[in-house]
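Every chain is numbered from 1, with letters handed out A, B, ... down the list of sequences.
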Number of protein chains: 2
Amino acid sequence: MNNPEILIIDDEPQIRKLLEISLESNDYKVWQASTGKEGIIMAANHPPELILLDIGLPDKSGHEVLKELRAWYNKSIIMLSVQNSEEDIVTALDNGATDYLTKPFRTAELLARIRAAIRRNQQTNNLSTILNFNALQIDLTARTVKKNNEILKLTSTEFNLLTLFVNNEGRVLTHQFILKEVWGVGFQTETQYLRVFVGTLRKKIEDNPNQPKYILTESGIGYRFI
Amino acid sequence: MNNPEILIIDDEPQIRKLLEISLESNDYKVWQASTGKEGIIMAANHPPELILLDIGLPDKSGHEVLKELRAWYNKSIIMLSVQNSEEDIVTALDNGATDYLTKPFRTAELLARIRAAIRRNQQTNNLSTILNFNALQIDLTARTVKKNNEILKLTSTEFNLLTLFVNNEGRVLTHQFILKEVWGVGFQTETQYLRVFVGTLRKKIEDNPNQPKYILTESGIGYRFI
DNA sequence: TACTTTCTTTATAAATTCTTTACACCTTTA
DNA sequence: TAAAGGTGTAAAGAATTTATAAAGAAAGTA
């Protein structure tokens, strides 16, 4: 088992050192940042298992950092603060903090709360990525497509084709490119496949397949999804 | 949305009353127990969304109650105590408590921690022991399956397969993935096993195995449970 | 051992999906 | 107006995938 990684975002070097020592002696791998901005960048580049976030940062408040992180980071974030203000606690928890500890904290308690938070991380669902396009809802991990909340039945190739389209929304994809991506190298000339499959896809996802809203044809070039 | 249910296990009537008032005015449905034993029975009969558990109970310690609950209950349990002992906190968290608050607690903070805990409940894998799907009732710990309240006889492999399906409801599972999870690494190519077992499972759980409602086949990819 | 249950394998029928063909349509250009 | 090039649609046939039964092998049980 590799050691869980913890990112400390705190501007006080003493606190960081203290945390580093206790965490590393408990087999965590520790990363450190001294400003909110730096912390966000580090978390984005290398998402840790848990973040310890100080409320009092020099560049922006911990609350703001929390909000920015929570836009995409869904593992545990434990807030630390010298303030024992109830308002701070409530705000932090409601903004998605996992826990809140006031400094000076007791090391054993902090470690226990970290263990509890990491344990919970592991039970958390890896939420699936769902994309919405008007009445269309595409779940890439579940491989489902809904139109007005009704599940559509797509064949494997149809779904792969649709996936390619939604991953390249707005872009014109050439016939060759699509054929290579969906069918594989060696199929680049089979343009008729594409026509047939775009046809069946449109029949399923478009309200009016004659006047497609999602899959537009770029005559002479390929198709474009919007 | 129906109101989340919270079970209070505490022997002090004043505390219970205080909690009842704050919780009910925040739209929670409140259940109360004054002893550990009573609390466990109530939780078993009617599993709440969250349990507030006092450490100092007359019949058995809150730590013991916590352990007994955690044998099967995996939603949030917040411990309450007059003790601010670090040892107590560490023990509680390591035994699976979601959070720990010392009395006297501040109401707004308690409510925020309850919200955070309930929010997390909804993200965690609901490994609750009994799952219902229409006429199907699956008890994961007892390893029994009922259809219209009649017990079905499944073999071990059939049950493992069904468990995998219900834990990934709505998601398309590839043949390879299913084979790896149920049979183990090295069986990924034995697609025919899967066909046979899906066949027998359908014969047992479906009303009409020719037109399956639960286990749908995703031709070319795998299967999906709904 | 004999018996039952479960798992694995094989064979074949059925269903689904993919490929190919044919042809109609549209737009552009001579 | 006709021809040419690209596109859309339907439908038949081919290929692949899936379902089911049933027999043999293995494992568990009395």
Side-chain angles (χ1 to χ4, degrees), chain A residues 143 145 151-165 172-184 186-225, chain B residues 143 145 151-165 172-184 186-225:
Chain A
R143 283 185 82 92
V145 181
I151 286 191
L152 300 182
K153 200 161 181 309
L154 300 193
T155 71
S156 176
T157 316
E158 285 161 8
F159 188 86
N160 293 342
L161 181 58
L162 183 60
T163 304
L164 183 68
F165 277 132
V172 178
L173 305 179
T174 65
H175 299 130
Q176 293 182 2
F177 177 77
I178 301 172
L179 285 161
K180 193 187 75 195
E181 292 295 315
V182 177
W183 278 265
F187 287 75
Q188 278 102 326
T189 54
E190 304 285 356
T191 329
Q192 180 56 17
Y193 284 17
L194 199 44
R195 296 210 186 91
V196 174
F197 275 85
V198 167
T200 61
L201 243 187
R202 279 180 176 155
K203 223 179 283 176
K204 292 180 182 181
I205 67 174
E206 301 280 359
D207 288 325
N208 184 357
N210 304 325
Q211 296 178 340
K213 271 175 13 191
Y214 296 109
I215 304 177
L216 306 185
T217 116
E218 298 286 336
S219 195
I221 310 169
Y223 296 90
R224 181 159 51 115
F225 183 87
Chain B
R143 291 180 73 88
V145 182
I151 286 191
L152 300 182
K153 200 160 179 307
L154 299 194
T155 71
S156 173
T157 315
E158 285 163 6
F159 191 85
N160 292 342
L161 181 58
L162 182 60
T163 304
L164 183 69
F165 277 133
V172 175
L173 305 178
T174 65
H175 299 128
Q176 293 182 1
F177 176 78
I178 301 172
L179 286 161
K180 193 187 75 196
E181 292 295 315
V182 176
W183 279 265
F187 287 76
Q188 277 103 327
T189 53
E190 304 286 355
T191 328
Q192 182 58 16
Y193 284 18
L194 196 46
R195 298 212 182 91
V196 174
F197 275 84
V198 166
T200 61
L201 244 187
R202 278 181 176 153
K203 225 178 279 175
K204 292 180 182 180
I205 67 174
E206 301 280 359
D207 289 324
N208 184 358
N210 304 325
Q211 297 179 339
K213 269 177 14 191
Y214 296 109
I215 305 177
L216 306 186
T217 119
E218 298 285 333
S219 193
I221 312 168
Y223 296 90
R224 184 205 344 228
F225 185 88

What is the distance from [atom1] of [X] to [atom2] of [N], rounded to the nearest Å?
| X | N | atom1 | atom2 | value |
| --- | --- | --- | --- | --- |
| A/W183 | D/dT16 | CH2 | P | 17 Å |
| A/E218 | C/dC26 | CD | P | 20 Å |
| A/Y223 | D/dT7 | OH | C1' | 7 Å |
| B/E158 | C/dC7 | CD | C1' | 10 Å |
| A/N160 | C/dC18 | CG | P | 9 Å |
| B/R195 | D/dT16 | CZ | P | 14 Å |
| A/F197 | C/dT19 | CZ | C1' | 8 Å |
| B/I221 | C/dA15 | CD1 | P | 21 Å |

Would the number of heavy atoms belonging to other residues, nucleotides or ligands and lying under 6.0 Å from CD of B/E206 be above 12?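 Yes.
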Are more than 12 heavy atoms, taken from residues, nucleotides or ligands other than A/Q188, located less than 6.0 Å from that residue's CD atom?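 Result for CD/A/Q188: enclosed.
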Looking at [options], which one has an atom nearest to any side-chain atom of [X]?
| X | options | result |
| --- | --- | --- |
| B/V196 | D/dG6, C/dC18, D/dT20 | D/dT20 |
| A/Q192 | C/dT21, C/dC18, D/dT18 | C/dT21 |
| A/T217 | D/dT9, D/dA19, D/dT7 | D/dT7 |
| A/R202 | D/dG8, C/dT8, C/dC7 | D/dG8 |
| B/S219 | C/dT8, C/dT19, C/dT16 | C/dT16 |
| B/K153 | C/dT17, D/dA21, C/dT6 | C/dT6 |

Could you tell me whether B/T157 contacts a base, only the sugar-phosphate backbone, or nothing, with contacts defined as non-hydrogen atoms closer than 4.0 Å?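 Since only primed, P, OP1 and OP2 atoms lie under 4.0 Å of B/T157, the category is sugar-phosphate.
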Any base atoms under 4.0 Å from A/V198, or only sugar-phosphate, or nothing? Heavy atoms, all strands.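 It contacts nothing in the nucleic acid.
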[N] phosphate, OP1 or OP2, under 4.0 Å from [X] side-chain N/O:
| X | N | answer |
| --- | --- | --- |
| B/K203 | D/dA21 | yes |
| B/Y193 | C/dC7 | no |
| B/N210 | C/dA14 | no |
| B/H175 | D/dT18 | yes |

Supply the atom-to-atom distance B/L162 CG to B/R143 CZ, rounded to the nearest 0.5 angstrom.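 B/L162 CG to B/R143 CZ: 10.0 Å, rounded to 0.5 Å.
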First encountered from the 5' end of DNA chain C, between A/E190 and B/F187: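 That would be B/F187.
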Comparing B/G220 and B/L154 on DNA chain C - which has the more 5′ nearest nucleotide: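 Result: B/L154.
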For the pair A/F225 and A/Y214, name the ring-plane relationship: parallel under 30°, tilted 30 to 60°, perpendicular over 60°.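 Plane angle under 30°, so parallel.
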Within the distance-only criterion (no hydrogens, no angle test), does the side chain of B/R202 pair as donor or acceptor with the backbone N or O of B/I215 below 3.5 angstrom?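 Yes.
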Under 3.5 Å: donor-acceptor pair, side chain of B/K203, backbone of B/P209: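 Such a contact is absent between B/K203 side chain and B/P209 backbone.
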